[in-house]
Amino acid sequence: MTLFWVLGVALFAGVASAGNLALETYPSTVQVESLDITDLDTWSQSCAASVLTTRYVLSAASCFSGPLYQREFRRIRAGSSTRNSGGIIAYVEIEINNPKWASGTLNDVSVVRLLTPLVYSAWIRQATIAGVGSVIPEGVGIVQAGWGTGETSDEISISSLVTVNVAQCGRRRLTKRMATFAEGEDKEDIENENENENENGNENENENENENENENENENENENENENENENEKNESENESDEEDEGDNEEDEDDNEEDEDYETDDNNTLLCGAYSEDVKGSNADVGGPWFFGNITLGIIAGANNANNSWSGILSTSVASYTDWIISVAV
């Protein structure tokens, strides 16, 4: 089914909070901790997850796999807003990674069964996941809950993002123009700005050409032919230069577009979100949730933990795996 509740985006855009308030708002968010294999007494938050039931959590397969992965090296900390402190600890009994996942961000989803059950409270609640066939288009405001693996904050926080085309994920930051689109301003009016600028530029060029032609009318035919040839050559050079300048301007508008790789997703299993231009650090955790209202619609699969110049956050679409999630979380 299509997500008709997308119309309520204005109610949730711009959310920003931290600590207990953030956890109380999204109490299905839990930490995934990893044991330091060089210091077997040290656990640290490495990913995040969402509570499905008291015995199952939903996360990314990349958090529960790899050459050094062992189940006893992972555990869940639920009910605490503070990184690596407080709450309830539950160890992993078995991870059930999606069978289509191999590496990378496609199909990066895992259902994890816990050795001991969680206990629901104001800080630990079951997540509501998106239904099969739910659709999240571009330009939708969503929120992301997390600690930000690799960042300095020890408290959970909530950040606002806007969904963008997967093909552009990580290639440019969310510009003010993109943010304006998300807020509902007429896109056609804004796009016409460039067209009007181009038209004005063409009118000025025509006026200059007319002035040059009038000045040359009283000169002899040979001089006119030579000057016209020179003018044509000059105009061609200027046009080539203008085209190069326009290309340079487009590159500047892309805000230092980076050559980050992204995966082709023909089945719409991936979502992408972009931060606004003024974001200084990321609170994204791989395996962490994306929310629309109180509905968990994404599982973060690719996060810019330490490089905030790469602004795209990839997320696995929960709706693409809802049937599989339900079938294994029993």
Side-chain angles (χ1 to χ4, degrees), residues 31-34 45-50 52 57-71 73-74 92 94-112 129-130 132 134-136 138 142 144-151 159 161-174 257-275 282-290 296-325 327-329:
Q31 302 176 56
V32 176
E33 295 183 340
S34 299
Q45 185 259 346
S46 57
C47 290
S50 300
L52 291 173
V57 298
L58 179 66
S59 189
S62 53
C63 294
F64 294 87
S65 61
L68 300 178
Y69 173 74
Q70 296 185 40
R71 290 167 187 164
F73 292 170
R74 296 291 186 278
V92 172
I94 185 172
E95 73 290 337
I96 308 168
N97 295 333
N98 188 276
K100 294 182 180 179
W101 184 81
S103 63
T105 55
L106 290 176
N107 307 304
D108 191 7
V109 54
S110 180
V111 174
V112 179
I129 64 174
V132 177
S134 299
V135 176
I136 300 294
E138 294 181 53
I142 56 176
Q144 174 178 280
W147 289 264
T149 309
E151 299 293 331
S159 291
L161 294 84
V162 174
T163 57
V164 297
N165 189 290
V166 172
Q168 292 296 325
C169 198
R171 297 181 67 81
R172 62 183 178 185
R173 298 182 70 75
L174 176 65
E257 180 176 346
E258 296 184 8
D259 293 328
E260 297 287 350
D261 294 331
Y262 58 86
E263 294 186 72
T264 301
D265 178 29
D266 296 329
N267 298 316
N268 300 317
T269 60
L270 282 176
L271 302 171
C272 181
Y275 291 121
S282 170
N283 73 332
D285 299 308
V286 175
W290 273 5
T296 303
L297 59 88
I299 306 162
I300 297 172
N304 61 330
N305 295 324
N307 179 11
N308 64 4
S309 66
W310 187 78
S311 62
I313 305 294
L314 277 171
S315 182
T316 303
S317 171
V318 172
S320 300
Y321 302 91
T322 300
D323 282 343
W324 175 80
I325 292 168
S327 69
V328 296

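If you're wondering where the values come from, they're calculated on a predicted model, not measured in any experiment.
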Could you walk me through whether Asp108 and Thr316 satisfy the side-chain hydrogen bond (donor to acceptor under 3.5 Å, both in side chains) test, starting with their C-alpha distance in whole Å, then the side-chain angles of each, then the deciding distance to 0.1 Å, before giving a yes or no? CA-CA 7 Å; Asp108 191 7; Thr316 303; 5.5 Å; no

Closest heavy-atom contact between Arg71 and Ile94? NH2-CG1, 3.5 Å

For side-chain contact (heavy atoms from CB on, under 4.5 Å), just list the numbers for Leu271 and Val166, CA-CA rounded to whole Å, side-chain angles, deciding distance to a tenth of an Å, and then say yes or no. CA-CA 6 Å; Leu271 302 171; Val166 172; 5.8 Å; no

Checking Thr269 side chain against Leu106 main chain: does a donor-acceptor pair fall under 3.5 Å? no

On a heavy-atom basis, which atom in Ser110 and which in Asn97 lie closest, and how many Å separate them? OG-OD1, 2.7 Å

Could you go step by step and tell me if Leu297 and Ser134 meet the side-chain contact (heavy atoms from CB on, under 4.5 Å) rule? CA-CA 9 Å; Leu297 59 88; Ser134 299; over 6 Å; no

Taking the side chain from Ser317 and the backbone from Leu270, do they hold a donor-acceptor pair closer than 3.5 Å? no

Pair Tyr275, Ser282 - check side-chain hydrogen bond (donor to acceptor under 3.5 Å, both in side chains), show working. CA-CA 9 Å; Tyr275 291 121; Ser282 170; 2.9 Å; yes

Might you work through the side-chain contact (heavy atoms from CB on, under 4.5 Å) test for Asp285 and Gln45, ending with a clear yes or no? CA-CA 9 Å; Asp285 299 308; Gln45 185 259 346; 3.2 Å; yes

Which pair of heavy atoms, one from Val32 and one from Ala49, lies closest together, and at what distance? CG2-CB, 3.9 Å

Give the minimum heavy-atom separation between Ala48 and Ser59, together with the two atoms involved. O-OG, 2.8 Å

Before giving the answer on side-chain contact (heavy atoms from CB on, under 4.5 Å), spell out for Val109 and Trp324 the whole-Å C-alpha distance, their side-chain angles and the decisive distance to 0.1 Å. CA-CA 10 Å; Val109 54; Trp324 175 80; 4.1 Å; yes

Closest heavy-atom pair and its distance - Lys100, Asn107: O-ND2, 3.4 Å

So, taking the atom named CD1 in Ile313 and the one named CD in Gln144, what distance separates them when rounded to the nearest 0.5 Å? 5.5 Å

Short question: side chain of Asp323, backbone of Val132 - any donor-acceptor pair under 3.5 Å? no

If you look at every heavy atom in Asn98 and Tyr321, which pair is closest and at what distance? ND2-CD2, 3.5 Å

Please check if the side chain of Arg74 supplies one atom and the backbone of Cys63 the other of a donor-acceptor pair under 3.5 Å. yes

If you define the side chain from C-beta out and look only at heavy atoms, does anything of Ile136 sit under 4.5 Å from Trp290? no

Once rounded to the nearest 0.5 Å, what's the spacing between atom OG1 of Thr296 and atom CG of Leu52? 8.5 Å

CG of Leu58 to CD1 of Ile129, rounded to nearest 0.5 Å, is 7.0 Å

Hey, what do you get for CD (Gln31) to SG (Cys47), rounding to the nearest 0.5 Å? 11.5 Å

